[in-house]
Amino acid sequence: LCDRTLSATTLADTLQGHFDNQRSQTTKPLKAAYFIWRQPYMIAARHTFINSMLNLAGFHNVFQHLERYPEITLDQLAEAQPDIILLSSEPYPFAAKHLAEFAAACPTAQILLVNGEYFSWYGNRLLYSCQYFQQLRLQLS
């Protein structure tokens, strides 16, 4: 439509290579919960781009049995027993001041603030997602 077929194909092939490489390097998936909102707590579940990116990044979404972006409680979070809790920078801007409330619910889980752009924005930003995911996984090792 925009006469950009060659550029689009090159970008798609590059992204496919990055994600294939990411998958080949991923060890056992970590059980994760990915929060997008606070008051009420909302997470990314199945049938979302974020869930697909979590899988590519080597995480198993403990809430992928739920649909889209449901509200959950901290009790439900504790029951799910994630290894890691990811607090996104968007749409809600989670910050260091929010870590304690999640640590109280899941004292054994690692809790990280993450850049939501790498998990939820399409297009050429995806070129940088795999590198970000690799760094994130190294942080968790």
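Residue numbers start at 1 and run along the sequence shown. Since the model is a prediction, treat every value here as computed from it, not as a measurement.
Rounding to the nearest 0.5 angstrom, the gap separating the CD atom in Glu101 from the SG atom in Cys106 is 12.0 Å. Atom-to-atom distance recorded for His98:NE2 and Ile111:CD1 is 12.5 Å, nearest 0.5 angstrom. The line from CZ of Arg46 to OG of Ser52 is 12.5 Å long, rounded to the nearest 0.5 Å. In this structure, CG in Leu112 is found 12.5 Å from CZ in Phe102, a value given to the nearest 0.5 Å. Summarising the geometry, atom CZ belonging to Arg137 is positioned 11.0 Å from atom CD belonging to Gln134; distances are rounded to the nearest 0.5 Å. To the nearest 0.5 Å, atoms CD1 (Ile50) and CG (Leu86) are separated by 10.5 Å.
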Go through the steps to decide whether Tyr132 and Asn115 satisfy the test side-chain contact (heavy atoms from CB on, under 4.5 Å), and finish with yes or no.
CA-CA 9 Å; Tyr132 181 78; Asn115 187 331; 3.7 Å; yes
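Two residues are said to be in side-chain contact when any heavy atoms from C-beta on lie closer than 4.5 Å; Gln139 and Gln135 fail this criterion. Inter-residue side-chain proximity for Leu99 and Phe94 is flagged as unmet; no heavy-atom pair is nearer than 4.5 Å. Using a 4.5 Å heavy-atom threshold, the side chains of Gln64 and Asn55 count as touching. Here the side chains of Phe119 and Glu117 are not in contact, with every heavy-atom distance at 4.5 Å or above.
In this structure Tyr69 satisfies the ring pair (Phe, Tyr, Trp, His ring centres under 6.0 Å) test with no other residue, sequence neighbours excluded. Contacts of Asn51 classified as side-chain hydrogen bond (donor to acceptor under 3.5 Å, both in side chains), with partners at least two apart in sequence or in another chain: Asn61.
Following chains of ILVMFWY side-chain contacts shorter than 4.5 Å, one cannot reach Phe49 starting from Trp121, and the two form parts of different hydrophobic clusters. Under a hydrophobic-cluster definition in which Ile, Leu, Val, Met, Phe, Trp and Tyr are linked whenever side-chain heavy atoms come within less than 4.5 Å, directly or via other members, Phe59 and Ile72 are assigned to the same cluster.
When all heavy atoms of Ile84 and Ala109 are compared, the pair lying nearest together is N-CB, 4.5 Å. Across every non-hydrogen atom of Gly116 and Glu90, the tightest pair is CA-CG, 4.0 Å.
For Tyr128, the OH atom counts as loosely surrounded, since its 6.0 Å shell holds 12 or fewer non-hydrogen atoms of other residues, nucleotides or ligands.
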In residues 29-37, what donor-acceptor pairs under 3.5 Å come from side-chain atoms, sequence neighbours left out?
from	atom 1	to	atom 2	distance (Å)
Lys31	NZ	Gln81	O	3.1
Tyr34	OH	Ser88	OG	3.0

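Between the side chain of Thr48 and the backbone N or O of Arg68, no donor-acceptor pair lies under 3.5 Å.
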